[in-house]
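Notes follow once the structure below has been shown.
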Number of protein chains: 2
Amino acid sequence: MFSILNMRSIDEDVTTRARIRDAAIAAFGRRGFTASTVRDIATDAGVSPGLVIHHFGSKAALRTACDAHVLNTARASAESSNDPDRLRDVLTEYLAQPDDYARELAYIRSSVIDESAAGDAFFDAYVRLTEQILAEGVRAGTMRQVSDPLATATWMVANSLGLLVLGRHVARSLGHEEFGTGTINRIAGPAVELYTHPLYTDDSFLQATRDVVSDATTGR
Amino acid sequence: MFSILNMRSIDEDVTTRARIRDAAIAAFGRRGFTASTVRDIATDAGVSPGLVIHHFGSKAALRTACDAHVLNTARASAESSNDPDRLRDVLTEYLAQPDDYARELAYIRSSVIDESAAGDAFFDAYVRLTEQILAEGVRAGTMRQVSDPLATATWMVANSLGLLVLGRHVARSLGHEEFGTGTINRIAGPAVELYTHPLYTDDSFLQATRDVVSDATTGR
DNA sequence: GACACCACTGAACACATGTTTAGTATCTTA
DNA sequence: TAAGATACTAAACATGTGTTCAGTGGTGTC
């Protein structure tokens, strides 16, 4: 309850306003926006409920401030460098150190789950980033040209974010107490393995899938 | 509001109790458990709020009844046949006809997102099913033996369920109004393509990943 | 026909919610 | 130091919540 407050990932802004915002980020990430109450956030921040409204205007505006602090920061740093060599995959970076970025990850998770303009923007930016990474990989010869870059990038982003959203289940499935470094370490290998060595031994299932899809798309 | 009530996927149980349960399934799937109110469910079912409690005892018990109706049914049918040749991937089947199973899919989505024993059981059962499918594929020669079957199965389940959980984003990313048949048709090909033709042209990234993981696991 | 049982409603209850308000302390600035 | 703004609290308000309760009408049973 207290140990979650001093993580090195969030800058040490000690103003009361920042303390409230950080408590809200933790609450929204833990229980979601609707289930989090202004009173709980105020208690976690050691403050009266009225002060939360005084500083942010409303619970919805508080959420917007949290979005700006977590998501927009992550999104901006993902979009920051135009140099393809230095493209940074922010989410992967966060996921690589899940214990240090636990709050950011939890907040991104809940933003992406419930309807939120900031969550939408994050997902879309992440797809664009992945498209760039794919294109650059092809140019560099490290990746194969895929048939549908946009859909492939979307699928890969859904995979990464799906790991985050379903982290609790993934951890439990692997016998871990909670989602953390151990879970990531166990999953990363097999995931990259699937991207490196094909699961299927021939094209038959791919052909079958394409046949079904084209049947559904053209005639019925 | 009314058209969502007559779908062919849900059996035509016309008792009031069943009408309430179906309205609850729709509400929980649409807005989640916490955000759904007993009053809204009662209104959708054309009934007074008191009757909802009269039939199910409490909102929590109503949820349990919905779990039993949707998740346990799906899970049971996934586990039903012991014959590996007839293993049915229920979620894939649902996802193949997203318009027909919209309510079930939405309900599974929200069950898997928020903490729910039924959602946990569904995920775990789905991992076991995937492990069996992988093992059978290797035996039949259609799939390659992976290095970590449990982690691979967990990752694949997270991918499939991630597609469902993030369906809204996936649809938007592909320019679709909403998540439906069109979205699935566009995604299925590239997804199976990645399972068939490797993304990476050599082992270097896989090796790098394994080095990082083993470093983190052994010494620090 | 009387009785018990059941589905069902409308109103109320107790509590939790986001927000407002009146008032107090604390800080800033001239 | 005086004054005005700002940070902050305690209490109240209005509304929405899950649930309860008293009562009504219908249905089947002896």
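Basis for what follows: all heavy atoms, side chains included, without hydrogens, waters or symmetry-related copies.
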- Message: Within 45 degrees of the ring normal and closer than 6.0 Å to the centroid, is that where the cationic atom of A/Arg172 sits relative to A/Phe179?
- Response: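 No, a cation-pi geometry is absent between A/Arg172 and A/Phe179.
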Whole Å only: how far is the [atom1] atom of [X] from the [atom2] atom of [N]?
{"X": "B/Ile20", "N": "C/dT9", "atom1": "CD1", "atom2": "P", "value": "8 Å"}
{"X": "B/Arg63", "N": "D/dT19", "atom1": "CZ", "atom2": "P", "value": "13 Å"}
{"X": "A/Phe56", "N": "C/dT20", "atom1": "CZ", "atom2": "P", "value": "16 Å"}
{"X": "B/Arg17", "N": "C/dC8", "atom1": "CZ", "atom2": "C1'", "value": "15 Å"}
{"X": "B/Ile41", "N": "D/dT17", "atom1": "CD1", "atom2": "P", "value": "11 Å"}
{"X": "A/Ile53", "N": "C/dA22", "atom1": "CD1", "atom2": "C1'", "value": "17 Å"}
{"X": "A/Leu62", "N": "C/dT17", "atom1": "CG", "atom2": "P", "value": "15 Å"}

- Query: Is there side-chain contact between B/Leu51 and B/His54, with heavy atoms separated by less than 4.5 Å?
  - Reply: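 The answer is yes; the side chains approach within 4.5 Å.
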Closest to side chain of [X], choosing from [options]:
{"X": "B/Arg39", "options": "C/dT19, D/dT9, C/dA12", "value": "C/dA12"}
{"X": "A/Lys59", "options": "D/dT19, D/dC8, C/dG18", "value": "C/dG18"}
{"X": "A/Val38", "options": "C/dG18, D/dT20, D/dA7", "value": "C/dG18"}

Does [X] make a side-chain N or O approach to OP1 or OP2 of [N] shorter than 4.0 Å?
{"X": "A/Thr16", "N": "D/dC8", "value": "yes"}
{"X": "B/His55", "N": "C/dC8", "value": "yes"}
{"X": "B/His54", "N": "C/dC8", "value": "no"}

- Any side-chain donor-acceptor pair under 3.5 Å between B/Tyr107 and B/Asp67?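 Distance-only check passes for B/Tyr107 and B/Asp67.
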- Nearest heavy atoms of B/Trp155 and A/Ala191, plus distance in Å: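 Here B/Trp155 and A/Ala191 meet closest at CE2-CB, 3.5 Å.
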- Task: Look at all strands and tell whether B/Ser36 reaches a base, only sugar-phosphate, or nothing, counting heavy atoms closer than 4.0 Å.
- Result: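 Result for B/Ser36 = sugar-phosphate.
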- Task: Remember a base hit wins even if backbone is also touched, and classify B/Thr37 as base, sugar-phosphate or nothing at under 4.0 Å, heavy atoms.
- Result: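 Sugar-phosphate, no base atom in range.
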- Quick one: on DNA chain C, does A/Ser58 or B/Leu51 contact a more 5' nucleotide (nearest heavy atom)?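 Counting from the 5' end, the first nearest nucleotide belongs to B/Leu51.
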- Message: Among B/Arg109, B/Arg63, B/Arg31, which residue satisfies the salt bridge (charged side-chain N to carboxylate O under 4.0 Å, His left out) criterion with B/Asp114?
- Response: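 Checked B/Arg109, B/Arg63, B/Arg31 against B/Asp114; only one passes salt bridge (charged side-chain N to carboxylate O under 4.0 Å, His left out): B/Arg63.
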